[in-house]
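Notes follow once the structure below has been shown.
In listed order, ligands and their atoms are each counted from 1.
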Amino acid sequence: MNEVLNTPLITVENLVKHYGGRRGPISWATGKPPINIRALNGVSFEVRRGETLGLIGESGCGKSTLGRALLRLHEPTSGRVVFDGTEVTALKPDALKAMRRHMQIIFQDPYASLNPRRTVADIIGLPLMLHGLAANRREMRDKVAAIMDKVGLKTNHLDRYPHQFSGGQRQRIGIARALISNPQFIVCDEPVSALDVSIQAQIIELLTGLKRDMGLTYLFVSHDISVIGYLSDRVAVMYLGEIVEMGPVETVLSNPRHPYTQSLMSAVPDVDHPGKHQRVRLTGDLPSPQSPPPGCKFHTRCPLATDLCRIEAPPRHDLGDGHTASCHLINDNVSILR
Ligand code: SF4
C-alpha cells in the first residue's frame, strides 16, 4: 500500500455549487427565473497525499457534483479548491487545461463517457494529444498500448470501437484514459456501480493495484458502504450538499456519530449477529435541493430532531483523531440505534 502522507494534496474551502438561479435566463415556458438547485452548500475538507477518501451518500446528495466541481468540470459558484499549492478555482482556461493533466476523473457509465465513433486508441490517447505528451501518432499509439496492458486490455484491440467491448472492458478503457497523462489525483465517480457484481470486484482490485503502483490519490464516490469500507483510508458522509461526518474509515463505520451515518450503517446486514441487527428505516425522501429545509438539513427525517434542529444549522464538532460530525446532540452521545 502506498504510504499515506499527512499533508493535503487537495484543500477544499467552503465550496458552493448552485445551478440556475435568479441570474440565469428567464424560462420561455414559465416566464420565471430558473429554478435554483443548491447542490453544494459550503463544503470544506482535505484529501491527503496518497490516500483514498471515500465520499458516500444517497442519490442526489451532491457527491458527484462535488467530484466534478473539484476539477471545474462544473464551475463552482463560490469557494476555493487548492491542488498541490495551486488555486484551481482561480486558474484561467489555458492554465486549467494544463492542470487537468494532473487531476483526472473516471465516470460511472463507461459507455456514455466513451465516444462511439472513435477507436480505443484515439479515446485513450486524447489526453496525450491535448497536453502535448506524445510527439506523433506512433508515440501516442505506443503509450496507449502500454497503458492498455497495465489495465488488463489486449493491446491488439487498439483499433476497436467501444461497442466491441464488454461493460467491464469499457470501464478499463475509461481508467486507461484517466491514467495516461500520469495524474496525481483521480476522482472515481461511482466507477463500479453500473457493473455486474463479479466485474465490480475485478475493477476494484485493478484500481487498488494502480493506486499502489502509481502513487495515486483518490476521491472515491459511491453509495455502497461496503465498497467505501474496503477501499478508503478516510470517509466523508454527504447529505443534501453538506458533509455531515468525516474521519478514518474504521472509526466512522464502527462508531458512526451522526444520525444519518448511523442510518446508513444500519442498512448493512450484520452476518455475525443476524437476529440482533437493528435496521433504521428513514421516513420520507431526501428533500429537494431546490428548497432545502432550514436548520439541520437532516431534521425532516431525523428521529432525534429537536426544535433547535429545525431552526439552527449544527456546527462541526471535533471528536478527536480526525473524526468530525455536525449534530446538535453530538455531546449527548445519543444514537438512533439504541
Ligand atoms: Fe438530527 Fe438534530 Fe442532529 Fe440534525 S442536528 S442530525 S436533526 S439530532
Neighbouring protein N, O or S atoms of atom 3 (Fe) of ligand 1 [cut-off: under 2.8 Å, no waters]: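 Correct list: Cys327 SG.
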
Would you please classify the geometry between the His163 ring and the Tyr161 ring as parallel, tilted or perpendicular, with 30° and 60° separating the classes?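 Judged by the thresholds at 30° and 60°, the geometry between Tyr161 and His163 is parallel.
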
Over 60° means perpendicular and under 30° means parallel, so classify the ring planes of Phe83 and His102, tilted if in between.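 Geometry flag for Phe83 against His102: parallel rings.
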
Residues clustered with Leu126, ILVMFWY side-chain links under 4.5 angstrom: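 Members alongside Leu126: Leu130.
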
Side-chain donor-acceptor contact under 3.5 Å, Ser64 with Asp189: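 A donor-acceptor contact under 3.5 Å links the two side chains.
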
Give a yes or no on whether a salt bridge exists between Arg257 and Glu245, defined as a side-chain N under 4.0 angstrom from a carboxylate O.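 Salt bridge between Arg257 and Glu245, a charged N being under 4.0 Å from a carboxylate O: no.
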
Are any side-chain N or O atoms of Lys211 and backbone N or O atoms of Gly50, one a donor and one an acceptor, separated by less than 3.5 Å?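 It does hold such a pair.
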
